[in-house]
Trainee: 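Quick one: structure below, then a few questions.
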Amino acid sequence: MAEAKIVYKDNKGFWIAEDAMELAFQYIYTELKTGNYHFSMMENLLYDCEVVINGWNRSYLTLTWKYDLPNLEDEQEMIFLLENIIVKLQNKGEYISIEELQSFTPEATDWKNFWSKPFRTINLLNIFDALIKMLKGEWDSTNYDMKVNWNTEEI
């Protein structure tokens with residue numbers, strides 16, 4: 001499984017399985033599409049999400065927010081968006097269901113096959129927490145390994 005280093009500023013970030021990050025971007029994209037947010041570069045944010053969720057940049061997955069969130073207001077709006085996603089995820093319980101995972105319709109041809117069992121909600125919560133800390137300047141690591149627990153055998 002391919003990994004990507006997700007960085008925001010000063011090379012601070014984390015390593016993560018690309019598939020997990022693609023899933024996180026599905027939630028970001030879905031939340032952006034609600035129309036409840038204002039970003040100065042909304043079209044860029046939507047396009048960058050599409051690039052990630054459709055697998056167009058596999059093996060070169062990057063976070064482009066240092067360009068797409070050019071000011072403090074945009075950073076604050078993204079924090080608000082991510083916090084809203086966290087609340088929604090916390091209400092889902094311990095796992096994201098197969099049905100929900102399959103409801104996303106990216107162009108990536110392997111999506112439905114890959115997401116064929118439930119996914120631990122805590123994995124997504126950890127990703128969004130890290131992204132919020134990066135935006136707030138509270139993330140210190142330049143080489144953190146964001147472990148994803150894929151084990152769902154006890155389900």
Trainee: May I ask you to check whether S40 and D74 show a side-chain donor-acceptor distance below 3.5 Å?
Mentor: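 Yes, D74 and S40 have a side-chain donor paired with an acceptor closer than 3.5 Å.
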Trainee: Ignoring hydrogens and geometry, is there a side-chain-to-backbone donor-acceptor pair from K9 to M134 under 3.5 Å?
Mentor: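 No, K9 side chain to M134 backbone: no donor-acceptor pair under 3.5 Å.
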Trainee: Of the non-hydrogen atoms in I96 and K92, which two are nearest, and what is the gap between them?
Mentor: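 Heavy-atom minimum between the residues: CD1-CD, 3.6 Å.
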Trainee: Do V87 and E83 have side chains that approach each other closer than 4.5 Å (heavy atoms only, starting at C-beta)?
Mentor: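 Counting from C-beta outward, V87 and E83 never come under 4.5 Å.
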Trainee: Are K5 and N11 close enough that some pair of their side-chain heavy atoms sits under 4.5 Å apart?
Mentor: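 Result yes, sub-4.5 Å side-chain heavy-atom pair found.
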Trainee: Going from CD1 on I6 to CD1 on I16, what distance comes out if it is rounded to the nearest 0.5 angstrom?
Mentor: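 Reported to 0.5 Å precision, the distance equals 7.0 Å.
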Trainee: Out of curiosity, L131 CG to L135 CG, how far, rounded to the nearest 0.5 Å?
Mentor: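 Spacing of CG (L131) from CG (L135) equals 7.0 Å.
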Trainee: Quick one: does T30's side chain have a donor or acceptor within less than 3.5 Å of a partner on Y27's backbone?
Mentor: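 Looks like no, no N/O pair under 3.5 Å.
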Trainee: Give the cluster check for V7 versus L61: same hydrophobic cluster or not, with ILVMFWY residues linked at side-chain heavy-atom distances below 4.5 Å.
Mentor: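 Not linked; separate clusters.
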Trainee: Under 4.5 Å between any side-chain heavy atoms of L69 and L45, yes or no?
Mentor: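 Yes, at least one pair of side-chain atoms sits under 4.5 Å.
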Trainee: With sequence neighbours left out, what residues match F80 under ring pair (Phe, Tyr, Trp, His ring centres under 6.0 Å)?
Mentor: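 F80 satisfies ring pair (Phe, Tyr, Trp, His ring centres under 6.0 Å) with Y37 only.
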Trainee: Give, for atom CD of E94 and atom CZ of R120, the distance between the pair rounded to the nearest 0.5 Å.
Mentor: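 The distance works out to 5.5 Å.
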Trainee: Does some side-chain heavy atom of F25 sit less than 4.5 Å from a side-chain heavy atom of L63?
Mentor: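 In short, these two side chains touch, coming nearer than 4.5 Å.
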Trainee: When the aromatic ring centroids of W115 and F104 are compared, is their separation below 6.0 Å?
Mentor: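 Between W115 and F104, the centre distance exceeds or equals 6.0 Å.
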Trainee: Between atom OH of Y95 and atom CD of E100, what is the distance when rounded to the nearest 0.5 Å?
Mentor: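 Y95 OH to E100 CD: 15.0 Å, rounded to 0.5 Å.
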Trainee: What distance do S103 atom OG and Q26 atom CD have between them, rounded to the nearest 0.5 Å?
Mentor: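 Those atoms lie 8.5 Å apart.
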Trainee: If you look at every heavy atom in I28 and C49, which pair is closest and at what distance?
Mentor: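 Minimum heavy-atom contact is CG2-SG, 3.8 Å.
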Trainee: Atom CD1 of I86 and atom CG of N91: how far apart are they, to the nearest 0.5 Å?
Mentor: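 I86 atom CD1 to N91 atom CG measures 12.0 Å (nearest 0.5 Å).
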Trainee: So which atom in K12 and which in W139 form the shortest heavy-atom distance, rounded to 0.1 Å?
Mentor: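 Closest pair (atom of K12, atom of W139, distance): CD-O, 3.0 Å.
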